[in-house]
Number of protein chains: 2
Amino acid sequence: MTGQGKPGAIAGELIAVVVAVTDGEPRVLTIPGAGALPSGPFEPAHRSLQAGLRAWVERQTGHPLGYVEQLYTFADRDRDGGGDARVIAVSYLGLTREEPGAGPGEEGWRTWYDYFPWEDCRGGPPAVIEGVLKPRLRAWATSASAEQRRAREQRVAIAFSLDGAAWNEELTLQRYELLYEAGLVPEAAAAEPVPGRRMQGDHRRILATGIARLRAKIKYRPVVFELMPASFTLLQLQRSVEALAGLRVHKQNFRRLIEQQELVEETGASTPDTGGRPAKLFRFRPAVLIERAVAGTKLPLTRG
Amino acid sequence: MTGQGKPGAIAGELIAVVVAVTDGEPRVLTIPGAGALPSGPFEPAHRSLQAGLRAWVERQTGHPLGYVEQLYTFADRDRDGGGDARVIAVSYLGLTREEPGAGPGEEGWRTWYDYFPWEDCRGGPPAVIEGVLKPRLRAWATSASAEQRRAREQRVAIAFSLDGAAWNEELTLQRYELLYEAGLVPEAAAAEPVPGRRMQGDHRRILATGIARLRAKIKYRPVVFELMPASFTLLQLQRSVEALAGLRVHKQNFRRLIEQQELVEETGASTPDTGGRPAKLFRFRPAVLIERAVAGTKLPLTRG
DNA sequence: CATCTTTATACTCCGATTGAGCATATGCGT
DNA sequence: ACGCATATGCTCAATCGGAGTATAAAGATG
């Protein structure tokens, strides 16, 4: 209360959701075999939390994280065994490019839709939702008391857009939490879990947090940059955005918005390997980077 | 890297930005005399970080925090003396109502514009900006090398809307950071600090973070609720939003937006003490609370 | 070479949103 | 009764944003 209390001794842990987009697929860096996000201790030698995170992610991937953003800090009792050792875990979202041969070989990049199949709506509504999630979530809602039932039904309806509303791609975390609460994921000791690769502990939850944050952010901050190569076509840029959002967007409107914001400029070159008419190559305008870092961007992903 | 490293021993601290709106003024809870935000240790007894925060804020203010949101977690070397004891400080934003006589008397509520006079643009652009901040920030920019100079000028121009753009009320943190970087605030050991009450350590920075977050949030989440009494007039609601944003909004458009979103419903009663025609009293629609908590709200505060 | 396929790019249309102002209603004080 | 102050309802125009149409420029195919 007074700010003078003696804090109890605890340990610090850093967890990273490191994202790249390769060939139009959103990928996340994992520890191969372990089914876990990379994580490491926060050491007194680190200058700051972010410095600590950067240090060991760069050591592992071999190239620096451009954009780093704090996600969330946990210290829930049920994370650790319940013993005396409390751990404060600070999770981060980091963006990078998956360049071939940069790190020490054994990198575990994986499409994040392996973990959340229902989040990929680029080819229309995924069949899993209608076929598996919807009936099982309905059953879960119905099994509750009348009081709770309406609340559950409403939450399910909103999260999965069952009420006819447009799919809201930002609700990744809410959807995962619903599935967890309904006991439909292996992390919640589900007898018959729903499709989707599991992760150690609460790592899949952290990943969901990162996806949700990134999906929200690309709409108003120019963070796609960090995920793109030096030059690219407008369609490649669009595909990257679509990969992250898990949604298709109107091509012409996408170009209109990108161009009217003057985020990019032509390099002068063009690439013929698009299958049709060659596309002009673009690069991000360096001046805009500073400006937009603070001011914001727009992308044609409607907010519900 | 492997997630198995032994984390170093450190301490946990919780810092709260507790906000209320009283008589159309945004107020923040401080430790009287200390010039500090309330803060307390994270104890192993706490179930989670949020639970710990709620526990002692409720004990102090006497009424519960409705909305609590994590702001940021720091562990910078320069926060503590530089000794061995590293502290991980987790800061939170909490919303409540400043009800009279609820807590043990000595509560230190203060208008947050005491700390950031330049953030209150409700009566037009504050004179401090043109009279003090602008010349001194310009001087700071000019004093740099040609390379840095342009970048500084641009940052100043964006943060304080010197380029003719509309005032962006969400840039509270960026503005404070600029002033800090320019050595114009007492926390940065300024010889001749700019107006604005200082705080202990980095607490004013944390407060700026909270203000910025809240200003951004009220535009798309129904968080004003937590700050309003059970029933209120639309003008009172508008005044609260304006107090937080530090901006005036168009009255008719505000009402249009509020009503078309069906966030509120009439209580049936009306209050005559508005000075003119009596105003209808409204309350928030409980059903909408659940719905909007996830879906979002709109407010007529244009985003730059 | 004509034609088809494929992608790129330019332009149009229309409804929804939103900023701004005008007009009317309804209380109070004098 | 009259003016004042606020509440509340309505209009108008500019813009934005979603969706479609039309044209351009390559390679592939007969």
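All values reported here derive from a predicted model rather than from experimental measurement. When reading the values below, keep in mind they use all heavy atoms of this one structure, side chains included, and skip hydrogens, waters and symmetry mates.
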(request) Please state how far atom CG in B:Leu281 lies from atom P in C:dG27, giving the value in whole angstrom units. (result) 14 Å
(message) The criterion is salt bridge (Lys or Arg N to Asp or Glu O under 4.0 Å); which residues satisfy it with B:Arg256, sequence neighbours excluded?
(response) none
(message) Check this for me, if you would: do B:Glu169 and B:Arg122 make a salt bridge, where the nitrogen-to-carboxylate-oxygen distance has to be below 4.0 angstrom?
(response) no
(message) With a cut-off of less than 4.0 Å, is there a side-chain N or O of A:Lys280 near OP1 or OP2 of C:dA8?
(response) no
(message) Measure CD1/A:Ile258 against P/C:dA8 and give the value in whole Å, please.
(response) 15 Å
(message) Using whole Å, what does the distance between atom P of nucleotide C:dT9 and atom CZ of A:Phe254 come to?
(response) 13 Å
(message) Tell me if the CD atom of A:Glu265 is crowded by more than 12 foreign heavy atoms within 6.0 Å.
(response) yes
(request) Please state how far atom CD in B:Gln238 lies from atom P in D:dT8, giving the value in whole angstrom units. (result) 12 Å
(request) Measure from CZ on A:Arg255 to P on D:dG20 and round the result to the nearest Å. (result) 18 Å
(request) Considering just the side-chain nitrogens and oxygens of B:Lys251, establish if one lies under 4.0 Å of OP1 or OP2 belonging to D:dA7. (result) yes
(message) Expressed as a whole number of angstroms, how long is the span from A:Glu259:CD to D:dC16:P?
(response) 16 Å
(request) If the plane angle is over 60° it's perpendicular, under 30° parallel, otherwise tilted; pick one for B:Phe284 and B:Phe232. (result) tilted
(message) For D:dG17, does the base pair up with any side-chain atom of A:His250 as donor and acceptor (N or O, under 3.5 Å, distance only)?
(response) no
(message) Expressed as a whole number of angstroms, how long is the span from A:Asn253:CG to D:dG18:C1'?
(response) 6 Å
(request) Would you please confirm or rule out a distance under 4.0 Å between OP1 or OP2 of D:dA5 and any side-chain N or O of B:Arg277? (result) no
(request) Please confirm whether A:Arg248 makes a cation-pi placement over A:Trp167, using NZ or CZ under 6.0 Å from the six-membered ring centre and within 45° of the ring normal. (result) no
(message) Base, sugar-phosphate or nothing for B:Leu235? Non-hydrogen atoms, less than 4.0 Å.
(response) sugar-phosphate
(message) Reading DNA chain D from 5' onward, which residue's closest nucleotide shows up sooner: B:Gly276 or A:Gly276?
(response) B:Gly276
(message) Measure CD/B:Gln260 against P/C:dG19 and give the value in whole Å, please.
(response) 11 Å
(request) With DNA chain C as reference, determine whether A:Arg256 or B:Gln252 sits nearer its 5' end, using the nearest nucleotide of each. (result) A:Arg256
